[in-house]
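The first residue of the sequence shown is numbered 1, and numbering continues consecutively from there. The structure displayed is predicted, hence computed values, not measured ones.
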Amino acid sequence: MLYLHGGSYISPISTWHWRFIARLAAAGHRVEVPLYGLAPEYNHRDAPGLLASVYRQLLEDYDPRDVAFMGDSAGGGLALAFAEQLTELSLPQPRRLVLLSPWVDVAMENPELGVVEEVDPWLSRAGLRVAARAWASGDPLADPRISPVNGTLSGLPPTDLFVGTHDLPYPDVLRLERLLKSAGTPVSLQVADGGVHVYPLLPVPEGRAARKRILELLRA
């Protein structure tokens, strides 16, 4: 498994991420965790080379049908963006994508976001847009390499989406689900009523249920 952590592209991996990754490893999964460069010192153009190198090393030991990409928040967006670039990198698609509260449109112009922002206890568009501009480093925020909801969604592997209703990316994750279906990509959506951002990582009943479901998907 290739796991990409969240943190708005500006924050390093956290204890919560490592605890979640440890659960995956305890279930018998090899988990590679590329610590991609963070903004503003690095930007989106720096990430694909590192991720491709790690993925190629995985493919020395595994068939791509035995590999999954997983990411949360910004890491979920990066995992999707990387999957969209695999063809031009001459790399095969993995078996599946598992995206937890993925940040797939960093422009955050969806009019439905305002309603969810009022109930999200953590995230705000103002702060996230500053991080997004740093990660974009002068490129348009709508660029699919930065906002993969705008990319080519056909030809991707089966994709599993986890999001909560009190999670700012919720409307854009719903939009991503619709676009994946229209592109013919198999997609499943798990919505936690009242769930907050990246709830599968948290020690709450919804998080425990999500972790159980994720392990089932990885065994499928």
*For W103 and L128, which heavy atoms make the closest approach, and how far apart are they?*
CH2-O, 3.4 Å

*asked:* Looking at R175 and E177, is any side-chain nitrogen of the basic one under 4.0 Å from a carboxylate oxygen of the acidic one?
replied: no

*Within the distance-only criterion (no hydrogens, no angle test), does the side chain of D72 pair as donor or acceptor with the backbone N or O of G6 below 3.5 angstrom?*
yes

*Any donor-acceptor pair under 3.5 Å linking the side chain of R211 with the backbone of P200?*
yes

_Pairing of R56 and E60 as salt bridge, 4.0 angstrom limit_ = no

*Does a side-chain heavy-atom distance below 4.5 Å link L174 with L189?*
yes

*Answer whether the closest heavy-atom distance between the side chains of R95 and P157 falls below 4.5 Å.*
no

*Are V115 and M108 grouped together when hydrophobic residues (ILVMFWY) are joined by side-chain heavy atoms under 4.5 angstrom apart?*
no

*How are the rings of Y36 and H5 set to each other: parallel, tilted or perpendicular (split at 30° and 60°)?*
parallel

_For residues I13 and Y42: do they belong to one hydrophobic cluster (side chain heavy atoms under 4.5 Å, members Ile, Leu, Val, Met, Phe, Trp, Tyr)?_
no

_Over all atoms of both residues, closest heavy-atom pair of P169 and P102_ = CB-O, 3.7 Å

*asked:* For a 4.5 angstrom cut-off between non-hydrogen side-chain atoms, does H17 reach Y3?
replied: yes

*Is there a side-chain contact (heavy atoms from CB on, under 4.5 Å) between L156 and L80 once you walk through the steps?*
CA-CA 9 Å; L156 295 176; L80 178 59; 3.7 Å; yes

*Apply side-chain contact (heavy atoms from CB on, under 4.5 Å) to the pair S154 and T152, showing each step before the final yes or no.*
CA-CA 6 Å; S154 59; T152 301; 3.5 Å; yes

*CD1/I214 to CG/L24 distance, rounded to the nearest 0.5 angstrom?*
7.5 Å

*Give a yes or no answer on whether the side chain of T165 reaches the backbone of G194 with a donor-acceptor pair at less than 3.5 Å.*
yes

*Does a salt bridge link D61 with R30, judged by any charged N lying under 4.0 Å from a carboxylate O?*
yes

*Checking E117 side chain against L123 main chain: does a donor-acceptor pair fall under 3.5 Å?*
no

*asked:* For A74 versus G7, what's the shortest heavy-atom pair and its separation?
replied: CB-N, 4.3 Å

*Is it true that a side-chain atom of N150 and a backbone atom of A142 form a donor plus acceptor pair closer than 3.5 Å?*
yes

*Evaluate the ring planes of Y55 and F82, with Trp represented by its six-membered ring, and classify them as parallel (under 30°), tilted (30 to 60°) or perpendicular (over 60°).*
perpendicular

*Crowded around R208 CZ? As in, over 12 foreign heavy atoms under 6.0 Å?*
yes

*Is the closest basic N to carboxylate O distance between E216 and R219 below 4.0 Å?*
no

*CZ on F69 to CD on E32, rounded to 0.5 Å*: 12.0 Å

*asked:* To check you understand the geometry: which heavy-atom pair defines the closest contact between L59 and L91, and what is its length?
replied: CD1-CD2, 4.2 Å

*Any donor-acceptor pair under 3.5 Å linking the side chain of R145 with the backbone of A81?*
no

*S147 side-chain N/O to L141 backbone N/O, donor-acceptor pair under 3.5 Å*: yes

*Side chains of S137 and H44: is there a donor and an acceptor less than 3.5 Å apart?*
no

*For T185 and K181, indicate whether the former's side chain and the latter's backbone hold a donor-acceptor pair under 3.5 Å.*
no

*Could you tell me the separation between the CG atom of L113 and the CD atom of E118, rounded to the nearest 0.5 Å?*
11.5 Å

_Between I10 and V130, is there a side-chain heavy-atom distance shorter than 4.5 Å?_
no

*With a 4.5 Å heavy-atom cut-off, do L217 and R213 have their side chains touching?*
yes

*Under 4.5 Å between any side-chain heavy atoms of L78 and L51, yes or no?*
yes

*Can you measure from OH (Y199) to OG (S101) and round to the nearest 0.5 angstrom?*
7.5 Å

*To the nearest 0.5 Å, what is the distance between CG (L202) and CZ (F20)?*
10.5 Å

_Verdict with reasoning, D167 to V198, per side-chain contact (heavy atoms from CB on, under 4.5 Å)_ = CA-CA 8 Å; D167 184 355; V198 294; 6.0 Å; no

*So which heavy atom on V33 is nearest to which on I21, and how close?*
CG2-CD1, 3.8 Å

_Heavy-atom side-chain proximity of R129 to V106 below 4.5 angstrom_ = no

*asked:* Donor-acceptor pair, distance only, cut-off 3.5 Å: does the side chain of D120 make one with the backbone of L168?
replied: yes

_For W122 and V196: C-alpha separation, side-chain torsions, deciding distance, then whether side-chain contact (heavy atoms from CB on, under 4.5 Å) applies._
CA-CA 8 Å; W122 289 348; V196 297; 4.3 Å; yes

*S14 (side chain) donor-acceptor with P12 (main chain) under 3.5 angstrom*: no

*Assess whether salt bridge (Lys or Arg N to Asp or Glu O under 4.0 Å) is satisfied between R96 and D160, documenting all intermediate values.*
CA-CA 8 Å; R96 70 186 321 121; D160 307 295; 2.7 Å; yes

_Smallest separation among heavy atoms of W135 and I146, with atom names_ = CD1-CG2, 4.1 Å

*Could R45 and D139 be called an ion pair, given the rule that one side-chain N must be under 4.0 Å from one carboxylate O?*
yes

*Heavy atoms, side chains only, cut-off 4.5 Å: are M1 and V67 in contact?*
no

*In Å, rounded to the nearest 0.5 Å, how long is the span from CZ of R133 to CG of N43?*
15.0 Å

